[in-house]
Every structure is written in structure tokens, then in C-alpha cells.
Amino acid sequence: MIPRYARTAMTGIWSADAKFRIWFEIEAHAAMALAERGVIPMEAAKTIWKKGGAAKFDVARIDEIEREVKHDVIAFLTHLSEIVGPEARFVHQGMTSSDVLDTCLAVQMHRAADILIADADALLAALKKRAFEFKHTPTIGRSHGIHAEPTTFGLKLAGYYAEFSRARARLVTAREEISTCAISGPVGTFSTIGPEVEEYVAGKLGLKIEPVSTQVIPRDRHAAFFAALGVVAASLERLAIEIRHLQRTEVSEAEEYFSPGQKGSSSMPHKRNPVLSENVTGLARMVRAYVTPALEDVALWHERDISHSSVERFIGPDATITLDFALARMAGIIDKLVVYPKRMQENLDKTHGLVHSQRVMLALTQRGVSREDAYKLVQRNAMRAFGGEGQLLDLLKADADVVKVLPPDELSSLFDLGFHFKHVDEIFARVFGV
């Protein structure tokens with residue numbers, strides 16, 4: 001991942017230093033488990049912990065060894081033996097490379113999920129704050145991009161809060177599913193290392209045991225993890241697109257904060273563009289792009305092949321780093337979003353009262369007019385209002401077929417904006433519990 005879209009805490013999880021430290025902890029915990037069971041000397045296990053725990057692993061040295069041996073885990077173990085000394089012969093007893101690699105990946109993805117969940121919490125806090133701020137601020141709801149009926153801007157944001165609450169729950173589930181440990185030997189039969197070692201290591205690392213592993217943890221777990229990230233990214237894009245549309249000059253109901261000294265265009269000094277939301281849109285596309293390779297990784301040959309390995313070296317860091325950045329960016333966008341209630345009201349009024357058409361139609365049906373006829377009566381006046389011939393209310397009052405069913409004063413009462421907001425408190429209680 002390029003540094004432009006990366007944050008320090010998340011990138012740290014995927015650094016070589018962090019990886020090798022986790023590899024060491026897996027090996028050292030396994031050695032201690034074996035020592036407690038009398039398989040290897042306890043003093044050897046303690047030496048491994050003491051020397052390896054105090055060491056700073058030399059990434060350049062490990063890379064140098066790997067260039068010769070063409071195997072990353074062997075390169076690490078060779079370097080570890082240089083640090084530990086003779087007792088290193090008791091490291092990796094009965095284990096296979098995937099025991100280290102897959103368990104490490106589980107730890108990394110668990111830690112990455114922790115950060116993503118915290119990111120979701122920050123976004124939820126921003127959405128909740130702004131939703132209550134604009135709980136009763138009227139705005140137009142749109143379907144197909146066209147004015148439909150009134151809503152409030154707070155309700156718009158409450159909808160996104162509910163969506164990202166589900167996103168958070170998906171991340172929690174994904175973290176749970178991916179957090180398994182496999183220390184089961186060459187084809188998962190525990191022939192050279194007992195299940196009790198796996199249980200010990202899992203407990204020390206805060207993981208569950210993998211009930212059945214082959215030589216690897218089954219990749220359906222990983223696919224589910226990345227699919228969850230993809231869904232969260234899709235929700236981010238939906239919110240980003242909403243902001244981008246609201247910032248369009250013809251709409252101008254909300255816009256990203258434009259800081260002092262910021263410039264929007266190299267050629268047009270007047271420009272204030274929704275660049276952050278556009279950026280989130282692009283990042284969301286990238287996160288979703290990592291889902292398909294993860295799905296394709298599920299179908300490995302027999303007990304294991306390594307077709308998944310190169311894929312995960314890309315998508316593990318890139319998907320989590322990208323989503324971390326996008327979630328944090330969106331939280332900032334929402335927190336500083338500039339909202340224009342006056343413009344929202346102007347846009348509501350732009351269609352000459354057409355947003356109340358359904359209520360008039362329903363009132364006609366309640367007075368005995370068939371739905372088909374009521375629709376025609378309202379539509380013919382609505383089309384005239386669309387054409388600029390006047391306000392819908394005035395046109396309806398001038399329509400003899402309408403007023404013989406609904407007197408003018410009753411028609412006027414049907415154009416009350418507040419009618420549409422009578423359940424706002426109830427919806428907020430559903431979403432926020434207050």
C-alpha cells in the first residue's frame with residue numbers, strides 16, 4: 001500500500017518487524033508447551049524466550065538467508081538460531097511452516113479488525129452527533145435522483161448510522177471467524193505435535209483452535225473476512241456518493257469542509273470540490289476488488305498448495321490498510337460536513353408543492369374517489385405545476401373536479417410539511433435507542 005493512503009497503526013501490523021515478532025512468539029509458545037510436557041528441556045524453552053524475546057530481528061539478514069534457501073520460514077528459523085544458539089534445535093519441533101504462517105496471519109487480521117472496529121465506532125459517533133443536530137431539518141427525499149417526498153437531514157444520517165452499525169457487527173463477526181490457530185503438523189493430523197500444544201499457543205495468542213486444519217486453516221474463513229470488508233466499503237461508497245451529489249452546484253445542500261488556504265483547482269480559483277468523498281469512492285472500489293481473489297483462494301489442492309500465499313501477501317495488508325484509511329477519512333468528512341438548511345428548504349419549495357401530491361391523492365380516495373381517478377386528478381395538475389403554470393395547491397383549488405370532493409381549506413391542510421415528520425422521534429428511538 002502506498003503511504004498516501006496508509007495510517008501508522010494499521011501499517012505497523014503488517015510490517016516485517018511485527019510479522020517476525022509474531023512468528024517468534026508462536027515458536028516460543030510452542031516450545032514452552034512442549035517443555036511443560038517434557039518433550040524438550042525446560043531450560044531450552046526458557047533460553048529461547050529469553051534470547052529471542054530480547055532480540056531485534058535483523059530483517060536484512062533474514063532476507064539474505066532467504067535469497068539462498070528460497071524459503072521464508074527457514075530463513076527466519078536460521079536467523080533465530082544465530083540469536084538463540086544451540087537450544088534453537090528445539091524450535092519448530094514437529095511443526096510445519098503453515099503452522100507459523102497461518103497462525104501469524106490470524107493474529108494480524110485479528111489486530112487489523114480491532115482497528116477497523118474502532119474506526120467504525122468513530123464514524124458512528126460522528127453520524128450520531130450530526131443526525132441529532134439535524135433531526136428536524138427538512139430536506140427533500142429523492143428517488144431516481146428526482147424529488148420524491150420530504151424527509152429530514154437527520155433521518156438521512158440516521159439511516160447511515162444504522163447501516164454502519166451493521167457494518168460494525170460484520171467486522172466483529174469477521175474478527176471472530178478469522179481468529180483461529182493451527183499448530184497441527186504437516187497435514188493436520190498432529191502426528192508430530194500434539195493438539196495440546198495448539199491449545200496452549202491459541203490461548204497465549206488470544207485465538208481459538210481450528211477444529212480441523214489440513215496443513216492450512218481453511219480459506220473460507222479468510223474469504224468471509226474480506227467479503228465483510230467489501231460490504232463495509234460498499235456502504236462507505238454509498239455515503240460518499242450522497243455527499244458528492246449534495247455538493248453539486250445545482251443542489252448545494254451540504255459540502256465538505258474547505259479549509260483556509262485549500263485550493264480546489266489548478267486553473268479555476270473558484271472551485272470547491274468533494275475531493276475527499278471522491279477519494280473514499282475510489283478506495284472503496286479497491287477494497288471490493290480484493291474480495292474476488294479471497295474467494296478464489298478457498299479452492300486449494302488437497303491438504304494444501306501455495307496459490308493463496310502470494311494473493312494474501314497483497315490483500316491482507318492492502319485491504320485492511322485501505323479500509324482503515326477510508327473509514328477514518330469518512331469520519332472526518334461527516335464531523336466537519338457543512339450543511340445548508342436554507343438551501344434545503346429552497347430546494348423543497350422548487351417544485352411548487354409537488355412533494356405533497358401523494359397526500360392529496362390519498363385524501364381523494366378516502367372521500368370515495370377510485371385510486372385510478374384520484375391519481376389522474378392529481379397528476380394532471382402536477383404536470384401543469386411541473387410546466388411552471390403555478391403552485392400545485394392553487395391549481396388543485398382551481399380544479400372543479402377536485403374541489404367538489406375536497407374543499408379549498410381541506411386542500412390547504414394537506415400541504416403541511418410537518419405531517420411528514422410526525423414519526424421522526426419514533427424512528428430515532430429505533431435507531432439510537434433514545
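All residue numbers refer to positions in the sequence shown, counting from 1.
By the side chain to side chain donor-acceptor pair (under 3.5 Å) test, Lys135 is found to be paired with Asp425, residues two or more places apart in sequence or in another chain being considered. Listed by chain and residue number, nothing satisfies the side chain to side chain donor-acceptor pair (under 3.5 Å) test with Asp63 (two or more places apart in sequence, or in another chain). His110 meets the ring-ring contact (aromatic ring centres under 6.0 Å, His included) test with no other residue; sequence neighbours excluded. Partners of Asp114 under the salt bridge (Lys or Arg N to Asp or Glu O under 4.0 Å) rule, at least two apart in sequence or in another chain, are Arg175. Scanning for side chain to side chain contact (heavy atoms under 4.5 Å, CB included) contacts around Glu210 gives Thr180, Ala182, Ser213, Ile217, Pro218, Arg221, with sequence neighbours left out. With sequence neighbours excluded, no residue forms a side chain to side chain donor-acceptor pair (under 3.5 Å) with Glu346. Qualifying ring-ring contact (aromatic ring centres under 6.0 Å, His included) partners for Phe428, counting only residues two or more places apart in sequence or in other chains: Phe132, Phe432. For Thr189, the side chain to side chain contact (heavy atoms under 4.5 Å, CB included) partners two or more places apart in sequence, or in a different chain, are Val187, Ser191. By the ring-ring contact (aromatic ring centres under 6.0 Å, His included) test, Phe24 pairs with Trp49, Phe57, sequence neighbours left out.
The number of heavy atoms from other shown groups lying within 6.0 Å of CG (Leu362) is above 12. Residue Lys350 places its NZ atom among more than 12 non-hydrogen atoms of other residues, nucleotides or ligands, all under 6.0 Å distant. The environment of Lys422 atom NZ is dense: over 12 non-hydrogen atoms of other residues, nucleotides or ligands sit within 6.0 angstrom. Crowding of Tyr375 atom OH: a count of heavy atoms from other residues, nucleotides or ligands under 6.0 Å not exceeding 12. The number of heavy-atom neighbours closer than 6.0 Å to CZ of Arg430, taken from other residues, nucleotides and ligands shown, is 12 or below. For Lys208, the NZ atom counts as densely surrounded, since its 6.0 Å shell holds more than 12 non-hydrogen atoms of other residues, nucleotides or ligands.
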(request) Please step through side-chain contact (heavy atoms from CB on, under 4.5 Å) for the pair Ile334 and Leu239, ending with a clear verdict. (result) CA-CA 10 Å; Ile334 296 300; Leu239 178 50; 4.1 Å; yes
(message) With salt bridge (charged side-chain N to carboxylate O under 4.0 Å, His left out) as the criterion, how do Asp102 and Arg304 come out once you've worked through the C-alpha distance, each side chain's angles and the decisive distance to 0.1 Å?
(response) CA-CA 12 Å; Asp102 277 16; Arg304 185 210 179 192; over 6 Å; no
(request) Check the pair Phe314 / Val311 against side-chain contact (heavy atoms from CB on, under 4.5 Å), numbers first and verdict last. (result) CA-CA 5 Å; Phe314 280 105; Val311 174; 6.0 Å; no
(request) Could you walk me through whether Val216 and Leu300 pass side-chain contact (heavy atoms from CB on, under 4.5 Å), step by step? (result) CA-CA 10 Å; Val216 294; Leu300 301 180; 4.0 Å; yes
(request) Determine, stepwise, if the pair Asp99 / Ile26 fulfils side-chain contact (heavy atoms from CB on, under 4.5 Å). (result) CA-CA 9 Å; Asp99 292 336; Ile26 294 167; 6.0 Å; no
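Side-chain atoms of His79 come within 3.5 Å of backbone N or O of Asp58 as a donor-acceptor pair. A donor-acceptor pair under 3.5 Å is absent between the side-chain atoms of Lys129 and the main chain of Ala126, judged by distance alone. No donor-acceptor distance shorter than 3.5 angstrom exists from the side chain of Asp324 to the backbone of Leu116, with no hydrogens or angles considered. Here the side chain of Thr96 pairs no donor or acceptor atom with the backbone of Pro186 at under 3.5 angstrom. At least one donor-acceptor pair closer than 3.5 Å links the side chain of Arg89 to the backbone N or O of Pro86. Of the possible polar contacts, one joining the Asn273 side chain to the Gly264 backbone as a donor-acceptor pair under 3.5 Å is found.
For the atom pair CZ of Phe325 and CZ of Arg7, the computed distance is 8.5 Å after rounding to the nearest 0.5 Å. Atom OG1 of Thr292 sits about 10.0 Å away from atom CD1 of Ile315, to the nearest 0.5 Å. To the nearest 0.5 Å, atom CZ of residue Arg219 and atom NE2 of residue His308 are 4.5 Å apart. One finds the CG atom of Leu323 at 11.5 Å from the CD1 atom of Ile115 (value rounded to the nearest 0.5 Å). Annotation: the span from Glu68 atom CD to Ile74 atom CD1 amounts to 11.0 Å, rounded to 0.5 Å. The distance from the CZ atom of Arg168 to the CZ atom of Phe164 is 14.0 Å, given to the nearest 0.5 Å.
A salt bridge does not link Glu87 to Lys46: none of the charged side-chain nitrogens sits closer than 4.0 Å to a carboxylate oxygen. Between Glu64 and Arg67, no side-chain nitrogen of the basic residue sits less than 4.0 Å from a carboxylate oxygen of the acidic one, so the salt-bridge criterion is not met. Ion pair Asp121/Lys128 not flagged as a salt bridge, since none of the NZ, NE, NH1 or NH2 atoms sits closer than 4.0 Å to an Asp/Glu carboxylate oxygen.
Within the 4.5 Å cutoff, the side chain of Ile48 has no heavy atoms near those of the Met32 side chain. Between Phe153 and Val339 there is a side-chain heavy-atom pair separated by less than 4.5 Å. Side-chain contact between Glu198 and Phe190 is present, with heavy atoms from C-beta onward closer than 4.5 Å. Residues Arg371 and Met361 have side chains in contact (heavy-atom distance under 4.5 Å, counting atoms from C-beta outward). Within the 4.5 Å cutoff, the side chain of Phe226 has heavy atoms near those of the Met109 side chain. In this structure the side chain of Ile178 reaches within 4.5 angstrom of the side chain of His222, judged on heavy atoms. In this structure, Asp416 and Arg359 have side chains that are in contact, with non-hydrogen atoms separated by less than 4.5 Å. Side-chain contact between Ile427 and Leu155 is present, with heavy atoms from C-beta onward closer than 4.5 Å.
Under the side chain to side chain contact (heavy atoms under 4.5 Å, CB included) rule, Ile193 has a single partner from His92, Met95, Gln93, which is Met95.
Using cut-offs of 30° and 60° on the angle between ring planes, the pair Phe415 and His356 is tilted.
The side-chain tip of Lys156 does not point at the ring of Tyr160 from less than 6.0 angstrom away and within 45° of straight on.
Between Ala158 and Val431, the shortest heavy-atom distance links the atoms O-CG1, 3.7 Å. Contact detail for Val84 and Gly52: the closest heavy-atom pair is CG2-N, 4.4 Å.
Applying the side chain to side chain donor-acceptor pair (under 3.5 Å) definition to pairs two or more places apart or across chains, those involving residues 11-20 are Trp14-Thr320. For the side chain to side chain donor-acceptor pair (under 3.5 Å) condition, the pairs that include at least one residue of residues 249-261, sequence neighbours left out, are Thr139-Glu253, Arg142-Glu253, Glu253-Asn347, Glu255-Arg272, Glu255-Tyr340, Glu256-Ser277, Ser259-Gln262. Residue pairs that meet the salt bridge (Lys or Arg N to Asp or Glu O under 4.0 Å) test with at least one member in residues 21-38, sequence neighbours left out, do not exist here.
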